[in-house]
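In what follows, a structure is listed as structure tokens, so that the remarks can point back to it.
Just so we're on the same page: letters track the sequence lines, and every chain starts at 1.
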Amino acid sequence: MDLLYFAWVRERIGTGAERRDPPEAVRNVADLIDWLATLSPGHAEAMREPERLRAAIDQKFVPLDTLLGDAREVAIFPPVTGG
Amino acid sequence: MDLLYFAWVRERIGTGAERRDPPEAVRNVADLIDWLATLSPGHAEAMREPERLRAAIDQKFVPLDTLLGDAREVAIFPPVTGG
Amino acid sequence: MIRVSIDDAPIELGVEVAALEERGAGAVATFTGVVRGDDGVTALELEHYPGMTEGALIALAEVAMQRWSLLGVTMVHRVGVMVPGDRIVFIGTAAEHRREALEACAYLIDRLKTDAPFWKRETRGDAARWVEARESDADAAGRWD
Amino acid sequence: MIRVSIDDAPIELGVEVAALEERGAGAVATFTGVVRGDDGVTALELEHYPGMTEGALIALAEVAMQRWSLLGVTMVHRVGVMVPGDRIVFIGTAAEHRREALEACAYLIDRLKTDAPFWKRETRGDAARWVEARESDADAAGRWD
């Protein structure tokens with residue numbers, strides 16, 4: 001699975017993109033966030049407050065309880081602030 | 001009294017400005033329109049349908065029942081169509 | 001800052017927007033009316049009431065400045081003869097936030113349509129006619145009361 | 001006509017407006033967001049999600065085109081590093097009548113704020129911070145549902 005990070009999520013993890021294969025038990029985006037938090041101190045810091053995180057699966061915004069299914073690209077980021 | 005005419009009112013009368021002194025009986029703008037209609041065939045044609053006319057006294061829009069008082073400049077014209 | 005102009009020269013949109021942006025606002029909204037040629041109009045002539053027009057536009061701008069706490073208002077209306085593609089009117093507003101700029105811009109063009117002494121005459125080939133006022137314009141202006 | 005652009009070059013407002021005016025519309029509305037320097041911001045950096053951003057803007061433009069029968073929509077968002085006075089975003093709409101152009105313009109900037117993957121980082125002297133999303137933006141976007 002291709003993972004993308006933006007804004008302070010990216011900064012805390014130290015990279016904007018990585019390839020990871022989460023275990024079977026990781027069913028939805030919220031599970032993925034919890035699992036990512038175990039990977040490194042940077043990941044832990046980035047995933048510390050899931051209520052401050054938003055996500056997109058294959059470039060569509062989704063709620064955090066969305067099943068990953070056969071997602072190829074999952075992005076995790078703070079609420080958007082463009083415009 | 002300075003009288004100003006715009007758009008098709010001006011065209012029908014044949015001038016955009018004239019000086020006229022209406023008689024005492026002419027109290028409000030509607031009276032003025034009726035009186036102007038008696039002045040020439042062009043005036044009559046311009047003032048034929050008072051419901052299609054609008055007015056300004058001393059450069060402020062006013063309803064046709066507004067008293068002329070000591071108006072110095074009265075303008076008669078169709079509804080505005082700018083913008 | 002209020003800028004009002006009635007002029008028979010073409011409206012310089014870039015210059016007008018730049019002046020608004022220089023107000024230091026975060027949000028600039030504009031409306032531009034353009035002469036349409038799609039129904040056979042070959043020329044459009046704008047007549048106005050010199051002396052009254054400028055005051056009417058300034059009065060509208062002052063109301064908007066206060067109602068929406070604007071940093072700038074620009075209202076430019078062209079008069080004289082125009083052809084399809086020419087800009088007839090430009091309204092620009094500058095505010096700290098987008099809501100104020102956008103609402104004020106809509107207000108100003110709605111009110112200009114009913115509260116400023118301009119008259120349009122359309123020419124199609126050899127035939128010219130004065131444009132009739134539309135009831136929908138009075139309705140649009142009334143929603144701001 | 002839909003034009004969407006995400007670019008680190010300055011936004012050329014005159015060029016964008018001219019392209020909209022060429023649609024033959026009678027009404028062109030625009031919104032421009034400008035970097036404000038009044039609260040000590042010395043630089044603003046815009047990050048986005050390449051690949052997703054353009055599609056998100058096109059999707060918004062398509063909805064607006066249909067909902068308001070527009071003749072043209074332009075959405076340009078700058079990314080990278082900007083300074084106060086620079087344009088961040090430009091929204092332009094062209095329609096036959098003013099109501100459609102103005103409403104669609106307000107819709108597009110409201111929705112862009114919540115539906116497009118951009119993130120802002122403000123720098124004040126030596127300190128940089130990511131801008132927090134505002135609840136008022138979600139409210140503004142929601143009023144179009």
Is the number of heavy atoms from other residues, nucleotides or ligands under 6.0 Å of D:Glu45 CD greater than 12?
yes
Against chain D, label C:Glu96 side chain, backbone, both or neither, depending on which of its atoms sit under 4.5 Å from a heavy atom there.
both
Taking the side chain as every heavy atom from C-beta outward, state whether D:Val28 and C:Arg87 have any atom pair closer than 4.5 Å.
no
In short, C:Ala140 meets D:Arg98 closest at the heavy-atom pair CB-NH2, 3.6 Å
D:Asp86 versus chain C, heavy atoms under 4.5 Å apart: side chain, backbone, both or neither?
neither
CD/D:Glu122: more than 12 non-hydrogen atoms of other groups inside 6.0 Å
yes
Which of the residues D:Ala29, D:Gly26, D:Gly14 is involved in the greatest number of heavy-atom pairs with chain C at under 4.5 angstrom?
D:Gly26
Heavy-atom closest pair, residues C:Leu102 and D:Cys105
CD2-SG, 4.3 Å
Contact between D:Leu13 and C:Leu13 at the side-chain level, heavy atoms closer than 4.5 Å - yes or no?
yes
Which value, rounded to the nearest 0.5 Å, describes the distance between D:Arg36 atom CZ and C:Arg23 atom CZ?
14.0 Å
Can you tell me which of D:Ala94, D:Ser136, D:Ala18, D:Ala25 forms the most heavy-atom pairs within a distance under 4.5 Å of chain C?
D:Ala25
Taking atom CG of D:Asp126 as the centre, report whether more than 12 heavy atoms of other residues, nucleotides or ligands fall under 6.0 Å from it.
no
CG on C:Leu20 to OG1 on D:Thr32, rounded to 0.5 Å
9.5 Å
